[in-house]
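Presented below is the structure to which this report refers.
First the proteins, then the strands, lettered A, B, ... as listed; each starts at 1. Basis for what follows: all heavy atoms, side chains included, without hydrogens, waters or symmetry-related copies.
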Amino acid sequence: MPQEYDHGAIEAKWQERWRRSGLYETPLEQAERPYYNLMMFPYPSAEGLHVGNMYAFSGADVHGRFQRMQGYDVFEPIGFDAFGIHSENFALKVDRHPTDLIASNIRNFRRQLERLGGQFAWSKTVETTDPAYYHWTQWLFLTLWKGGLAYRARRNVKWCPQDLTVLADEQVMADGTCERCGTPVVERELEQWFLRISAYTERLLAGLDQLDWSESTKLLQRHWIGRSVGSLLDFPIDGGEPLRVFTTRADTIFGATFMVLAPDHPRTLELTTPELRPAVAAYVAEATRRRIAGVREEEVATRGIYLGRSARHPLTGRNLPIYAAEYVLSGYGAGAIMAVPAHDSRDHAFAKAFDLPIVEVVSGGDGTGGHGGGALVNSGEFDGLAAPDPAREVVTAAIAERGLGRTHVTYKLRDWGISRQRYWGPPIPAIHCPVHGAVPVPEDQLPVLLPQIADFRPLGTGESPLARDPEFFNTTCPICGGAAQRETDVSDTFLDSSWYYLRYPSADRSDGAFDPGLTRKWLPVDTYIGGNEHAVLHLLYSRFVAMALHDLGWLDFEEPFTRFRAHGTIVQNGAKMSKSRGNVVVPDEYIDRFGADAFRLYLMYMGPFSEGGEFRATGINGPQRFLLQIFRLLARMEGEGQAEAEPRVLAQARHRCIQQVTTDTPELKFNTAIAAMMSFVKRLKEHQGPVPRPALETLALLLAPYCPHAAEEIWERLGNPYSVHQQPWPKADPAMLVRDQVAVVISINGKKRDQLMALPGTSPNELQELALGSPRIQQWLAGRRPSRVVVVPDRQVNLVVAGD
RNA sequence: GCCAGCAUGGCGGAAUGGCAGACGCGGCGGUCUCAAAAACCGUUGAGCGCAAGCUCGUGUGGGUUCGACUCCCACUGCUGGCACCA
């Protein structure tokens, strides 16, 4: 290591100094210009923080430090999202208790985060596994429950019959087998807790329009919510309730030639003739098996069975045969459809396979299921109406008049199931009383502590391992005092993370989830930076929880994150880092070798922060060399004694650099900001003569968000008072940004042929004269007159000449 | 299949209507050294030329424009999301 820049000593020195002075412990009560800079808290895995985490935290920290130098009181907390099935599975695998594992993982994460040099407010950290935290996660659940937003319902869960455990969706492999043992997964219906996020779909959708978020993230949320406007239509059944279907194309109803139910539609067997029931029941069982397996083969599109009965067309009275088929899903719309094979490709494929009639009712289609885009035909009184609009409204209205239909909006977003039949999570604070049913645990009895049971293996009954601990579950009913049992399921880890940002400012309070005064002062979050992999679940749940707490009187805002920016992904060998791929890069060795500052710089310099990039260890020496050069300049200046006044060219370069870094940093265009600083350093090195002090002073300030330790060191050696991070951001002087001379390109028919220097602001006429006067240009023109001259002031003169 | 985003030297990237390749990595040549590393200096899109310089060049094909990496149309490939959502 070159002696001019000993990154190890410098970084240790300043980290210690920051800790001692409490530089980053922003006083929350007194702050005058609060700025809440949030980043997604990590899951403390056993491998330690990887480069992807470092990338996200570095970028968020650069942003926070920049805001601090803009004069804000920045609050930049960090915490640990440590509950969940990953921890639990890992603990099972290595046969240790998750409590022990998590504690050491967190210690390791904390050590790594401290080395990175982030301005974290460590006194306000949270750990979701800490009873002092999940006390309030349980409170949140109770609050939502009391607000009518939590309910119990039976729903299917994925179940491994070999491991006897409930599986998360992502633990089911593509072929429908368990990821751990390869056994085919089945479904079991269990009574579970749900949060009524579906009550908020419209607000979740509308709110997006007002938010300053990455467009990609908003788009993902819109798709996930999946709003679709259509009609619910009732097709009468002789001797039974009408069959209800959902369609977005009510205008094509005259083209409906058959009906299709999802195999697991509740009325499938009822609508089957008695003699076909055995065959249909067998088909339904087979279809269910394939659905769990997630089979996506081609044949699924054409697999189905005739039920032997018909529905009556509400307008024509014709009989439409009813089928059950796998291409119709029970969980969406009405779980049943009217099939219009002439104008829907899936219906078309099915009609072909079962030799069902195809009737075109929109002109201009290709007859194979395309939508067409003309007028209605073969549609009785509606012929000639433009399709799809306004025809679908007119048709729906006509059917509504007969009492057989209405306009309906449907969504893909389902209610949020939060029950987990596992161990490693906060117990759901409910008590089941034989007399009173499910009763909330009284708030003064929170937290319901997760017992330290030694055997936390899944039980095999569809219940949580807590169900083997009578000491835990045996209790009394809070209402009647009779014998009762605690809920033994724990809650989803997304519930923990749905409100953690509310906790940070109040992390040390024990009298409530979040202090009203601090919350009013610090929230909503000013900037939230995180990965787009959480675009729909975490970010949507957090918005829902904030809206719900708002409606229940706990918050005075509805949207928790005013500004959200998605950062890119760091990949290695073209693949996202993950332990299963074996390509996790742990940053410690690079920080040892190059220092946290050079490492941060390398990560931020790779490309636009929103894009991520490929991690290549080669290349970190570039930023390190850059820092070394600055320290060499510093040593040179110190050796030369007090430098004289700053030469004009260097002052201009300095102000251009300030300008660039100042505009790029808040836009998270860190790569170009760093490039500007590198260019400036290059310029300084080329300069003969003493290094002007303002150059280094400015560099220390501009570098502070990016390389917080090196910037402190330079700042101190220049004789300035602690700390560089408390200085105001430098301002570019507009007068210094004006160039003395500009290079004007002269081109003929768009090709560069010469160049001249001119004063900025030279008039177009004058530039044209200068251009025409150039000997080189006259040579190219060879006597021809330009038919047109385009002058771009201060930049270019383009001469248009015929026949060149 | 649908919806986004992306495509520029050996590599990461810059420039979003006006000098393509800033800045960095790597390579090549040199300085220092017994030597090596580090560092420093020079050079580095391709082709032609002794040279001044010229020609070509931003995934492919068209278009708009005095002028296109940039805007429009079509296509190809990659990345991410959704995926029988009626």
Just the rounded figure in Å: distance from [atom2] of [N] to [atom1] of [X].
X: A:L633; N: B:A39; atom1: CG; atom2: P; result: 15 Å
X: A:L601; N: B:G12; atom1: CG; atom2: C1'; result: 14 Å
X: A:R795; N: B:U70; atom1: CZ; atom2: C1'; result: 13 Å
X: A:L537; N: B:C82; atom1: CG; atom2: C1'; result: 13 Å
X: A:M757; N: B:C19; atom1: CE; atom2: C1'; result: 12 Å
X: A:N798; N: B:G18; atom1: CG; atom2: P; result: 13 Å
X: A:L603; N: B:C25; atom1: CG; atom2: C1'; result: 15 Å
X: A:N532; N: B:A4; atom1: CG; atom2: P; result: 15 Å

Check ion pair [X]-[Y] (N to O, under 4.0 angstrom):
X: A:D212; Y: A:K218; answer: no
X: A:R303; Y: A:E286; answer: no
X: A:R291; Y: A:E326; answer: no

From the list [options], which nucleotide is the closest neighbour of the side chain of [X]?
X: A:T618; options: B:C40, B:G18, B:G26; result: B:G26
X: A:Q796; options: B:U55, B:G12, B:G18; result: B:G18
X: A:A675; options: B:C23, B:C41, B:G18; result: B:C23
X: A:A743; options: B:C40, B:C23, B:C19; result: B:C19
X: A:S228; options: B:C25, B:A86, B:G81; result: B:A86
X: A:S679; options: B:G13, B:C23, B:C25; result: B:C23

Q | N/O (side chain, A:K685) to phosphate O (OP1/OP2, B:A39) under 4.0 Å | A |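 Answer is no, no contact under 4.0 Å.
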Q) OP1 or OP2 of B:A38 less than 4.0 angstrom from a side-chain nitrogen or oxygen of A:Q624, does that happen here? A)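 So the side chain of A:Q624 is outside the cut-off, no N or O lying under 4.0 Å from OP1 or OP2 of B:A38.
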Q | Test item: A:T268 side-chain N/O and A:D264 main-chain N/O as donor-acceptor pair under 3.5 Å | A |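 Answer holds: no.
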Q) Under 3.5 Å, is there a donor-acceptor pair linking the side chains of A:Q660 and A:T672? A)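 Checked: A:Q660/A:T672 side chains show no N/O donor-acceptor pair below 3.5 Å.
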